Structures are given as C-alpha cells and as structure tokens.
Amino acid sequence: MSSLIEEAEISHEADLVWLEDITDLDYVRQSLDRLPTRKGRPAYHRDGRMVGYALLDTTAKASRASGTFRRRVFWLLPHDRDSEPEGLYAKSAPAEAVDPRTLKARVKGYKTERSEGGPPSTAMQELGITLPL
C-alpha cells in the first residue's frame with residue numbers, strides 16, 4: 001500500500017516511466033515490487049493493466065537474499081474508476097491509490113480530493129486551492 005511505502009525505500013529512483021497519459025486518471029495504484037533489474041519495463045502479473053513504473057539509479061543495491069530490486073509499479077484494476085466511473089470506487093479510492101499528478105521519482109505521492117472521487121468545493125475551485133488528503 002502506498003501509505004506503507006517509506007521515502008527511504010524509493011530514494012534510489014532515477015525516473016518514472018508512464019505507459020499511458022495520466023492526465024485523465026484520478027488515481028493509480030502503487031506498489032513496491034521485487035524485480036530482477038534496475039531499469040526496463042517489468043513483467044506484469046496482476047489483473048488489469050500496468051500504467052507506469054520506476055527506474056532506479058546505479059547506486060541501488062539488490063537484496064542479498066534474492067538478488068532483486070524493489071521498484072514501484074503503478075497499475076489499475078478492471079473495476080477502477082477509469083473503467084467503471086459509477087462502480088465501486090465512484091466516491092472513494094483503494095488504500096494503495098494516489099493521485100498520479102502528485103508522483104515524482106523519490107516522491108511517494110498522496111491522495112487528493114480528485115483521487116477520492118469528489119471535486120473540490122466551489123470556493124476552493126475559485127481560489128485555485130487543492131488540498132492533499
């Protein structure tokens with residue numbers, strides 16, 4: 001879950017790669033996966049689709065036990081809001097979801113009013129204010 005990701009665990013990220021335009025996505029799910037390489041597109045073994053992934057810098061060290069690297073993967077399931085706007089997550093978001101506009105390499109991101117399924121209040125829209133949740 002994104003709330004369980006510590007900044008130290010993503011401190012070796014060099015960049016994020018997006019496989020599709022995230023402009024219209026209210027949220028993406030993120031997880032730390034054990035992968036065999038620092039770079040390149042990882043294999044994807046979940047339902048749904050991979051939306052993006054992190055690349056690690058050359059200082060990232062592999063686990064001594066497994067020889068794998070922990071990298072973030074961003075994904076969506078078939079029942080997420082982008083595919084089913086009136087479905088299960090019409091007015092909420094999964095625990096591991098964050099607003100993709102708040103993500104950068106080495107920044108874990110956070111939920112926003114938009115990612116939680118509601119537009120900002122009229123007053124906040126007029127003032128141009130968005131708050132993290």
Side-chain angles (χ1 to χ4, degrees):
M1 291 198 289
S2 61
S3 60
L4 300 179
I5 294 175
E6 300 289 331
E7 297 286 341
E9 294 176 299
I10 58 176
S11 64
H12 291 285
E13 288 183 344
D15 200 8
L16 300 182
V17 175
W18 296 107
L19 302 174
E20 59 185 78
D21 185 3
I22 59 169
T23 306
D24 293 328
L25 295 176
D26 293 343
Y27 65 81
V28 294
R29 295 171 186 253
Q30 70 175 344
S31 58
L32 274 173
D33 292 359
R34 291 199 173 278
L35 300 170
T37 62
R38 288 182 183 94
K39 298 185 184 283
R41 184 177 179 157
Y44 184 73
H45 302 289
R46 293 179 177 92
D47 287 342
R49 68 189 194 274
M50 180 170 38
V51 178
Y53 55 90
L55 303 176
L56 302 180
D57 62 32
T58 58
T59 64
K61 302 224 183 305
S63 163
R64 287 185 196 171
S66 66
T68 58
F69 298 88
R70 295 192 73 197
R71 290 170 51 195
R72 280 194 294 177
V73 175
F74 307 100
W75 46 286
L76 291 167
L77 291 175
H79 60 273
D80 280 326
R81 191 181 313 142
D82 70 304
S83 297
E84 292 187 18
E86 301 303 317
L88 178 63
Y89 294 113
K91 298 292 182 198
S92 65
E96 67 272 17
V98 294
D99 186 329
R101 287 164 290 283
T102 67
L103 291 165
K104 291 189 260 188
R106 298 176 302 282
V107 176
K108 69 181 192 173
Y110 50 86
K111 293 182 185 291
T112 62
E113 289 173 319
R114 181 175 173 164
S115 70
E116 285 296 293
S121 67
T122 305
M124 289 184 65
Q125 288 176 354
E126 288 172 359
L127 295 171
I129 298 171
T130 56
L131 297 176
L133 295 179

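Quantities reported herein were computed from a predicted structural model and do not represent experimental measurements.
- At a threshold of 4.5 Å between side-chain heavy atoms, the hydrophobic network of Ile, Leu, Val, Met, Phe, Trp and Tyr places Trp18 and Val73 in two separate groups.
- Nearest heavy-atom pair across Met50 and Pro42 is CE-O, 3.3 Å.
- By the neighbour-count criterion of 12 heavy atoms within 6.0 Å, atom CD of Glu7 is densely surrounded, having more than that number from other residues, nucleotides or ligands.
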Go through the steps to decide whether Tyr27 and Asp80 satisfy the test side chain to side chain donor-acceptor pair (under 3.5 Å), and finish with yes or no.
CA-CA 9 Å; Tyr27 65 81; Asp80 280 326; 2.9 Å; yes
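- From Arg41, atom CZ reaches atom OH of Tyr53 across 6.5 Å, with rounding to the nearest 0.5 Å.
- To the nearest 0.5 angstrom, Ser115 atom OG is 9.0 Å from Glu113 atom CD.
- Nearest heavy-atom pair across Ala93 and Ala97 is CB-CB, 4.0 Å.
- In terms of modelled atom types and a separation under 3.5 Å, the side chain of Arg71 and the main chain of Thr37 share a donor-acceptor contact.
- In this structure a side-chain-to-backbone donor-acceptor pair under 3.5 Å is missing from Asp33 to Leu35.
- A distance of 9.5 Å separates NE2 in His12 from CZ in Arg38, rounded to the nearest 0.5 Å.
- Closest approach of Arg101 and Thr23 over heavy atoms only: NH1-O, 3.1 Å.
- Judged by distance alone, with hydrogens and angles left aside, the side-chain atoms of Arg81 form a donor-acceptor pair with the main-chain N or O of Ser92 at under 3.5 Å.
- In this structure, Glu13 and Leu56 have side chains that are in contact, with non-hydrogen atoms separated by less than 4.5 Å.
- A donor-acceptor pair under 3.5 Å is absent between the side-chain atoms of Arg29 and the main chain of Pro94, judged by distance alone.
- The CD1 atom of Ile5 sits 4.5 Å away from the CG atom of Leu32 when rounded to the nearest 0.5 Å.
- The nearest pair of heavy atoms linking Trp75 to Glu96 is CH2-OE2, 3.8 Å.
- A 4.5 Å side-chain heavy-atom check between Leu103 and Phe74 finds at least one atom pair inside the cut-off.
- In this structure the side chain of Leu19 never reaches within 4.5 angstrom of the side chain of Arg49, judged on heavy atoms.
- Without hydrogens or angle criteria, Thr102 side chain to Asp99 main chain gives a donor-acceptor distance under 3.5 Å.
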Run the side chain to side chain donor-acceptor pair (under 3.5 Å) check on Ser31 and Arg46 step by step: do they pass?
CA-CA 12 Å; Ser31 58; Arg46 293 179 177 92; 2.8 Å; yes
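- Remark: Ile10 CD1 to Lys104 NZ distance equals 11.5 Å, nearest 0.5 Å.
- The side-chain heavy atoms of Lys108 and Arg72, taken from C-beta on, include a pair separated by under 4.5 Å.
- The two residues Ala90 and Pro85 make their nearest non-hydrogen contact at CB-O, 3.2 Å.
- Residues Val28 and Leu76 come closest through the heavy atom pair CA-CD2, 3.9 Å.
- Under the 4.5 Å side-chain heavy-atom criterion for ILVMFWY residues, no single connected hydrophobic cluster contains both Leu16 and Tyr44.
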